[in-house]
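Notes follow once the structure below has been shown.
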Amino acid sequence: MVMPDQFAPALAYLDSIDPATEELIGRFEVTPAEELPRRLEHARRAQREWAALPVAERAKRLEALAGVFERRRREIAEVVTRENGKPLAEALFSDVLVSLDSIRWHARYAARILGEERVRHHNPIFKGKRARLVSEPYGIVAVIAPWNYPIAIPVTAAVPALAAGNAVIIKPSELVPWCGALLGELFDQAGLPVDMVQVIQGPGALGQALIEARPDKVVFTGSVASGQKVAEACGRRLIPSVLELGGKDAMIVLADADLEVASSGAVWGSCTNCGQACLSVERVYVEPGALERFTQLCVEKTKQLRLGPGLDPNVDVGPLIRRRQIERVERQLEDATRRGARILCGGRRRPDCGPLFFEPTVVSGVDSSMLLMQEETFGPVLAIQGVADGEEAVRLANESLFGLGASVWTRDRARGEAIARQLRSGSVMVNDVMSCYGITEAPHGGRAASGWGRTHSRFGLLEMAQVKYVASDLFPRGKKPWWFPYDAGVIELADGVFQALFGAKPAARWRGVRNAWCHYRERPH
Ligand code: NAD
């Protein structure tokens, strides 16, 4: 296990806090911003050698990283639980397993996805060229990560970047410096070339300084407010970015849904990671025939959830990460009840469990005027609204500024998929929630305020590569007929070409070919 440096003077250090007790469990050195130019220089040097390796060789090296994760899975999960608070089972599934699956998938498929592709030109004018599409790395990819999935998010961003031949600089969240230090150690242990993956530790300002140091691409995951600053900073420097921002995921429960399963999905989807997930179920819209029973089941199941420190294997829900997170949940609940919503269970702090525990909560009678249905909650709250029918549910679901994920619950798969197509979001699951994040083939990302670009899947891998078109002329001695000098003959030639390519009838097209050929022969060669 990585041992935190023992309590050195505070300013140059990040505190690692156990959210289950609010105790200080370690201190980790902050990376001075002045070090960044040197860090980037080293990364560039390492990247040149790495990029020169064939993708298949890079993929083989990733297998070693998979081995490290496999061997140290329990210890990684324990560090995540200590610092983030989530139950150990969640750390194993959602941080370690998701990371490992991503590493293995890239090791297996990256070469195929990034391999050269022959271009078949459809236009006869260009049939005399042999062309290929070649994937090339950007150079240095900066990965700026949040605290809620402190291993899975940086790993699933860094691995495709590495597979595509980039060097990576990871800036983990300042709330999880122990996880950050562990990440650096895991990549080191995998035997990747020195400086290929560097972890720098510090607050948001260090993330900003990292962008100012001009990496070649930025993958940012975090809040909308920080994402806007990152987009601005990248825009000013014309650095391409992927932004994975907040969510306000809708769950639509149709009257014919299996309410036993749907209610369990709702309770898990709103309370896993103590509700602190970008893909959390935050708004539930239920058709009339299902509303009463669904709500009753959700309340029953929520009341059964056991709160406590995540290292206890019999705990379902851990603490929130910091006090400001609790205050945000309370502010939204207070606004909702003032506007007529009803708290059916929970809704209180649980100081008996620890300073950052909050009871899993079910709220009914909510509507779009409430902050609870507008802002990201990021806490263990299930807000249920009755709707007239599926159509109204779709309209309300699409009202949000966010567009990350959504789910539809029904026994009628065709209807579920039809509704899924109408929802404005990056992913939609029918009869499941959130597991898309753990499915490496599923592109992850949002629309509107949830950001742009994709991580995971071949789309996430292709985000990490620049495509280059390389073409060789098979007849290099001929000059092109559209080059200088221009004269009336070129115009005639162009007319012939237009006719030949786009003429309405075969006869017109043949006439075009003949005319073009005549004028082509008269051009200087
Ligand atoms: P945050 O925006 O506070 O911080 C995220 C990271 O950005 C941290 O490392 C932080 O130090 C850094 N940062 C802050 N300001 C910066 C700046 N100006 N320039 C560069 N870096 C800066 O977010 P958080 O509280 O750590 O995470 C919670 C948020 O992340 C939620 O909104 C959640 O929905 C979102 N999130 C989104 C996804 C997704 O995939 N869409 C996944 C997880 C979390």
Side-chain angles (χ1 to χ4, degrees), residues 14 19 30-31 33 36 83-84 86 94-95 98 102 142-157 169-177 179-180 183 199-213 215 218-237 239 241-249 272-282 320-322 324-325 328 375-379 400-405 425-427 434 436-438 442-457 460 463:
L14 292 177
V30 164
T31 311
L36 291 178
E83 204 172 39
N84 164 287
K86 68 180 74 174
S94 63
D95 274 286
V98 168
S102 170
V143 173
I144 302 177
W147 48 265
N148 60 340
Y149 291 91
I151 297 292
I153 289 175
V155 169
T156 56
I169 299 186
I170 302 175
K171 199 215 72 72
S173 163
E174 57 275 33
L175 302 192
V176 285
C179 291
L183 266 180
V199 174
I200 59 170
Q201 300 256 37
L206 186 69
Q208 203 175 323
L210 176 58
I211 298 170
E212 282 160 15
V218 172
V219 183
F220 172 83
T221 309
S223 61
V224 172
S226 308
Q228 285 168 327
K229 289 183 197 154
V230 167
E232 227 178 287
C234 287
R236 236 175 289 129
R237 294 164 184 82
I239 300 172
S241 61
V242 174
L243 299 183
E244 297 282 9
L245 309 181
K248 190 74 194 164
D249 288 11
T272 183
N273 213 18
C274 203
Q276 304 168 116
C278 54
L279 289 165
S280 279
V281 171
E282 296 235 342
L320 286 141
I321 189 90
R322 291 289 185 272
R324 61 174 177 271
Q325 210 59 41
R328 174 152 88 173
E375 295 177 354
E376 191 176 42
T377 304
F378 238 53
S400 172
L401 293 176
F402 295 99
L404 190 59
S425 68
S427 60
M434 294 176 71
C436 47
Y437 191 78
H444 177 68
R447 301 184 187 180
S450 292
W452 57 59
R454 292 292 179 268
T455 53
H456 300 202
S457 81
E463 286 272 9

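In listed order, ligands and their atoms are each counted from 1. This structure is a prediction, so every number in the text was calculated from the model and none was measured.
In this structure, the protein non-hydrogen atom closest to atom 7 (O) of ligand 1 is F220 CE1, 3.1 Å. Of the protein's heavy atoms, P146 CB, 3.3 Å lies nearest to atom 27 (O) of ligand 1. The nearest heavy-atom contact from the protein to atom 41 (N) of ligand 1 is L245 O, 2.7 Å. The protein atom (non-hydrogen) at minimum distance from atom 11 (O) of ligand 1 is E174 OE1, 2.6 Å. In terms of protein heavy atoms, atom 25 (O) of ligand 1 is closest to W147 NE1, 2.9 Å. Looking at atom 32 (O) of ligand 1, its nearest protein heavy atom turns out to be E376 OE1, 2.7 Å. Nearest protein heavy-atom neighbour of atom 17 (C) of ligand 1: G204 O, 3.8 Å. Looking only at protein heavy atoms, the nearest one to atom 4 (O) of ligand 1 is S226 OG, 4.4 Å.
Only backbone heavy atoms of P172 (N, CA, C or O) come within less than 4.0 Å of ligand 1; its side chain stays farther off. Counting heavy atoms closer than 4.0 Å to ligand 1, residue S450 contributes nothing at all. Contact annotation: for V224 versus ligand 1, there are no heavy atoms closer than 4.0 Å. Heavy atoms of A145 found under 4.0 angstrom from ligand 1 belong exclusively to the backbone. Counting heavy atoms under 4.0 Å from ligand 1, residue T221 touches it through both backbone and side chain. Residue contacts with ligand 1 for E244 involve both N, CA, C or O and side-chain atoms from C-beta outward (heavy atoms, distance under 4.0 Å). With a 4.0 Å heavy-atom cut-off, ligand 1 is reached by the side chain of N148 but not by its N, CA, C or O.
Ligand 1 places these atoms under 4.0 Å from at least one heavy atom of H444: 39 (C), 40 (O), 41 (N). Close contacts of ligand 1 with Q208, meaning ligand atoms under 4.0 Å from a residue heavy atom, involve 18 (N), 19 (N), 20 (C). Every atom of ligand 1 with a heavy atom of V230 under 4.0 Å away is listed here by number and element: 19 (N), 20 (C). Counting the atoms of ligand 1 from 1 in the order shown, those under 4.0 Å from a heavy atom of K229 are 18 (N). Close approach of ligand 1 to P203 (heavy-atom distance below 4.0 Å) involves ligand atoms 11 (O).
Relative to atom 43 (C) of ligand 1, the option among I153, V143, N273 with the closest non-hydrogen atom is I153.
Heavy-atom separations between Y149 and ligand 1 are all 4.0 Å or longer. The closest approach between a heavy atom of G446 and any atom of ligand 1 is not below 4.0 Å.
Judged by distance alone, the side chains of E463 and T455 never bring a donor and an acceptor atom under 3.5 Å apart. For S450 and K248, the side-chain atoms include no donor-acceptor pair closer than 3.5 Å.
Ring geometry for Y437 against H456 counts as tilted: the plane angle lies between 30° and 60°, on a 0 to 90° scale.
Side chain of N273 to backbone of K86: no donor-acceptor contact under 3.5 angstrom is found. The closest donor-acceptor contact from the side chain of T156 to the backbone of A152 lies under 3.5 Å. Side chain of D249 to backbone of E282: no donor-acceptor contact under 3.5 angstrom is found. The closest donor-acceptor contact from the side chain of S425 to the backbone of S427 lies under 3.5 Å. A donor-acceptor contact shorter than 3.5 Å links the side chain of K171 to the backbone of G202.
Among the atoms of Y437, none of the N or O lies under 3.5 angstrom from an N or O of ligand 1. Checked against a 3.5 angstrom limit, the closest N/O atoms of L404 and ligand 1 fall outside it.
Across all non-hydrogen atoms, the minimal contact from I321 to Q276 is N-OE1, 3.1 Å. Considering every non-hydrogen atom in both V230 and F220, the closest pair reads CG2-CD1, 3.6 Å. Heavy-atom minimum distance, L206 versus I200: CD2-CD1, 3.8 Å. Nearest heavy atoms, G246 versus F402: O-CD2, 3.3 Å. Contact detail for L175 and W147: the closest heavy-atom pair is CD1-CD1, 3.6 Å. Residues L183 and P150 share a closest heavy-atom pair of CD1-O, 3.9 Å.
Rounded to the nearest 0.5 Å, atoms CE (M434) and OG (S280) are 5.0 Å apart.
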